[in-house]
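Structure first, then comments.
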Amino acid sequence: MKIADFRKTLSSLCVLAALSSPAWAGDSVTVPGYAPVTGVERSYRIQKATESDMSLWFDKPDAAAVITRGEFRQRMTVLARDSNGMRVRWSLSADLPDGVAGAADTYQMNPLYRNSLTAYGVDALEVETDLNGFPNGLPGADQILANMRKMATNGPGGVAASPQSGVYDIIEGIQENPLQIVTALAPEAQALAAGQAYQDEVMEIGKPLTASRTEEYGGVSIPVTSTWILESTDAAAHTATVSALDEYDPTAFAQSQKGAIDKFLAAFDERVKGLTTDQLASVKRAGKTRSAKFVVSLNDGSAVELTETITIMSAGSTFRTYLHIRREDVTATLPVPAILTAADLRVPNLQIEPLKPADAASDSLDLPSTSPAAATTSQEQVTAAGNDAEKTIAPVWLEAKSAQVVKASNGYGYELDIVLTPESAETFRKFTLAALGRQTQVLIDDKVVIEPWIREPIMDSHLRLTDTNMTALRTMAEKLSGSGTRILVRTRS
């Protein structure tokens with residue numbers, strides 16, 4: 001169920017009213033339906049951070065938390081509104097706003113986001129939304145896709161992007177679901193819409209309202225219980241503060257994470273032998289929660305400020321995302337997590353090269369993960385817990401036990417499925433753990449065949465290369481299977 005649909009469901013639990021008396025009469029408050037003024041540009045200050053804790057799997061004390069963050073100023077204008085929905089323009093920028101805490105180079109999300117804007121070829125999105133403001137259409141998707149295809153065809157030096165780069169998979173995914181672009185470039189639209197209702201709602205201060213829904217993770221249906229509470233009102237500011245808590249059924253969520261958990265147990269088999277019974281039980285548990293607070297205008301029902309924290313626990317690791325959004329014409333009132341405002345914050349030293357229009361072949365797009373397992377092991381380009389960001393990671397040589405061409409699992413083109421020898425699989429696992437959050441290169445016969453970002457550790461013995469050209473993959477398979485050709489993997493300099 002979409003967030004906006006849930007808000008519609010929630011409203012049916014309330015008594016609807018259109019009162020001419022003050023909104024805070026008695027202990028009840030009428031939170032008006034979202035009715036923004038058209039043609040007025042609103043500016044939002046946005047702070048984001050991700051935090052990973054994989055310390056259970058590492059000996060280093062400083063492995064406890066690795067953080068990435070970003071800060072942005074985005075602008076939104078409602079262009080048109082009728083009884084069916086709205087058309088909204090988001091003007092987008094990767095520039096770091098004035099007055100941020102800490103040094104500019106500690107905001108790694110900003111250059112990643114700049115590369116995404118370059119790859120998509122936009123600095124604004126015009127989005128169709130429902131009456132909550134939740135995006136449900138992107139009229140300009142065809143233009144964005146055309147730009148991405150053009151850039152992939154005319155890569156560095158006029159050479160087309162390698163099919164193994166992952167760019168073509170991204171393009172195909174966007175063609176199937178263009179709203180991925182909105183999720184990647186303007187997630188604020190979805191976050192704000194979660195606190196906006198399409199019609200008036202009467203809420204009592206302190207009285208919880210609950211509703212249930214399901215979400216799909218890896219083919220598993222996860223029951224989710226949502227609790228909304230009107231916490232307070234501010235008569236002077238004419239606002240109401242509403243909290244929301246989403247709790248995911250732990251048994252079902254653990255079932256959805258079983259594959260990822262099993263991979264960790266197999267990859268760290270020696271470490272597992274030293275775990276206590278309680279530690280091993282914690283590895284096999286999984287959970288997800290989302291907590292948020294919204295400051296909603298009692299004039300037009302718009303969310304003018306929000307904070308949100310999402311916590312995922314899986315395979316003995318914890319991953320959190322933090323978000324604070326404030327419309328800049330209102331005064332901040334919500335407590336902001338310290339991780340978003342810290343002047344001194346240990347962050348990974350990611351070397352992110354600016355993406356030029358001719359360089360779209362590099363895999364630098366800031367797309368949301370569509371894999372539940374990936375979501376539990378990486379957030380935005382997270383560096384490995386316990387990794388010394390300053391150290392050089394030595395390149396590794398890998399040997400193939402077998403290599404064969406198979407139909408790609410995503411249905412597009414083919415894959416070269418390389419099964420590594422046990423020794424090489426262990427070497428590759430350690431390399432990917434050390435290189436989390438970095439861009440790497442895979443070379444066969446001194447030729448770069450793929451330049452992936454390592455977003456999660458690779459725990460099994462398979463290395464997969466995707467291509468639409470079966471002949472090229474067969475040639476590589478023959479080399480790897482018959483001549484003792486080795487594979488070089490290194491970080492991209």
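Atom set for the values below is all heavy atoms of this structure, side chains included, hydrogens, waters and symmetry mates excluded. None of these values were measured; they are calculated from a predicted model.
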Handout entry: Side chain proximity check, Val296 to Val304, heavy atoms < 4.5 angstrom
Key = no
Exercise for the section: Could you note down all residue pairs passing salt bridge (Lys or Arg N to Asp or Glu O under 4.0 Å) where residues 87-101 supplies at least one of them, sequence neighbours left out? Expected result: Arg87-Glu126, Arg87-Glu128, Asp95-Arg114
Problem - salt_bridge(Arg213, Glu215) N-O dist < 4.0 Å - result: yes
Exercise for the section: Tell me, please, whether Tyr322 has Lys48 positioned over its six-membered ring: NZ or CZ under 6.0 Å from the ring centre and within 45 degrees of its axis? Expected result: no
Exercise for the section: Any chance you could measure Leu298, atom CG, to His238, atom NE2, to the nearest 0.5 Å? Expected result: 5.5 Å
Handout entry: Shortest non-hydrogen contact from Asp246 toward Ser226
Key = OD1-OG, 2.6 Å
Practice task
Check the pair Glu51 / Phe319 against side-chain contact (heavy atoms from CB on, under 4.5 Å), numbers first and verdict last.
Solution key: CA-CA 6 Å; Glu51 180 181 25; Phe319 306 91; over 6 Å; no
Exercise for the section: Quick one: do Tyr198 and Tyr34 satisfy ring pair (Phe, Tyr, Trp, His ring centres under 6.0 Å)? Show the steps, please. Expected result: CA-CA 6 Å; Tyr198 75 105; Tyr34 183 44; over 10 Å; no
Practice task
Keeping to residues at least two apart or across chains, list the salt bridge (Lys or Arg N to Asp or Glu O under 4.0 Å) pairs with something in residues 326-342.
Solution key: Arg42-Asp329, Arg45-Glu328, Arg73-Glu328, Arg327-Asp329
Practice task
Please indicate whether Asp344 has more than 12 foreign heavy atoms, meaning atoms of other residues, nucleotides or ligands, lying under 6.0 Å from its CG.
Solution key: no
Completion exercise
Correct closest heavy-atom pair for Ser302 and Asp300 would be OG-OD1, 2.7 Å
Exercise for the section: Could you tell me the separation between the OG atom of Ser256 and the CG atom of Asp249, rounded to the nearest 0.5 Å? Expected result: 10.0 Å
Problem - From CG (Asp234) to OG1 (Thr239), nearest 0.5 Å - result: 4.5 Å
Exercise for the section: Hey, could you give me each pair passing ring pair (Phe, Tyr, Trp, His ring centres under 6.0 Å) that has a residue in residues 81-105? Not counting sequence neighbours. Expected result: Tyr44-Trp90
Exercise for the section: Using a 4.5 Å cut-off on heavy atoms from C-beta on, say whether the side chain of Asp123 contacts that of Leu117. Expected result: no
Handout entry: Check: Lys293 and Val242 side chains under 4.5 Å, non-hydrogen atoms
Key = no
Fill in the blank from the handout: Taking every heavy atom of Ala186 against every heavy atom of Leu92, the minimum-distance pair comes out as CB-CD2, 4.4 Å
Exercise for the section: Could you pull out all residues at least two apart from Gln255 that satisfy side chain to side chain donor-acceptor pair (under 3.5 Å)? Expected result: none
Practice task
State, to 0.1 Å, how close Ala342 and Ala101 come at their nearest heavy-atom pair, and which atoms those are.
Solution key: O-CB, 3.8 Å
Problem - Side-chain donor-acceptor pair present, Arg320, Thr311, cut-off under 3.5 Å - result: yes
Practice task
Would you name the heavy atoms of Leu131 and Ser83 that are closest together and state the gap between them?
Solution key: CD1-O, 3.4 Å
Practice task
Kindly compute the distance separating CG (Leu96) from OG1 (Thr106), expressed to the nearest 0.5 Å.
Solution key: 8.0 Å
Handout entry: Minimum heavy-atom distance Leu185-Tyr113, with the two atoms named
Key = O-OH, 2.7 Å
Fill in the blank from the handout: Contacts of Lys284 meeting salt bridge (Lys or Arg N to Asp or Glu O under 4.0 Å) (sequence neighbours excluded), chain-then-number -> none
Problem - Under the side chain to side chain donor-acceptor pair (under 3.5 Å) test, residues paired with Ser243 that sit two or more places apart - result: Glu231
Practice task
With the side chain counted from C-beta on, respond yes when Glu305 and Thr333 share a heavy-atom pair under 4.5 Å apart, and no when they do not.
Solution key: yes
Exercise for the section: Flag the pair Gln47 / Thr341 as yes when at least one side-chain heavy-atom distance between them is below 4.5 Å, and no otherwise. Expected result: yes
Practice task
Would you please test Tyr107 and Val100 for side-chain contact (heavy atoms from CB on, under 4.5 Å) and show each step?
Solution key: CA-CA 10 Å; Tyr107 292 85; Val100 298; 3.6 Å; yes
Exercise for the section: Give the C-alpha distance, both sets of side-chain angles, the deciding distance and a yes or no for side-chain contact (heavy atoms from CB on, under 4.5 Å) between Ile312 and Phe253. Expected result: CA-CA 10 Å; Ile312 295 176; Phe253 193 80; 4.2 Å; yes
Exercise for the section: With rounding to the nearest 0.5 Å, note down the distance linking CG in Asn110 to OG in Ser93. Expected result: 8.5 Å
Practice task
Hey, could you give me the CG/CD distance between Asn132 and Gln196, rounded to the nearest 0.5 Å?
Solution key: 7.5 Å
Exercise for the section: Would you check if Lys288 and Ile310 make a side-chain contact, meaning some heavy-atom pair closer than 4.5 Å? Expected result: yes
Practice task
Check whether any side-chain heavy atom of Thr38 sits under 4.5 Å from a side-chain heavy atom of Leu79, and report yes or no.
Solution key: no
Problem - Donor-acceptor side-chain pairing of Glu308 and Ser291 below 3.5 angstrom - result: no
Exercise for the section: Examine the side chains of Gln175 and Arg149 and answer whether a donor and an acceptor come within less than 3.5 Å of each other. Expected result: yes
Exercise for the section: Please assess Leu145 against Ile174 for the test side-chain contact (heavy atoms from CB on, under 4.5 Å), listing each intermediate value before the final yes or no. Expected result: CA-CA 8 Å; Leu145 284 166; Ile174 290 174; 3.6 Å; yes
Exercise for the section: State, yes or no, whether a side-chain contact exists between Leu306 and Leu323 at a heavy-atom distance under 4.5 Å. Expected result: yes
Exercise for the section: Check for a donor-acceptor pair, side chain of Asp53 on one end and backbone N or O of Thr318 on the other, with a separation under 3.5 Å. Expected result: no
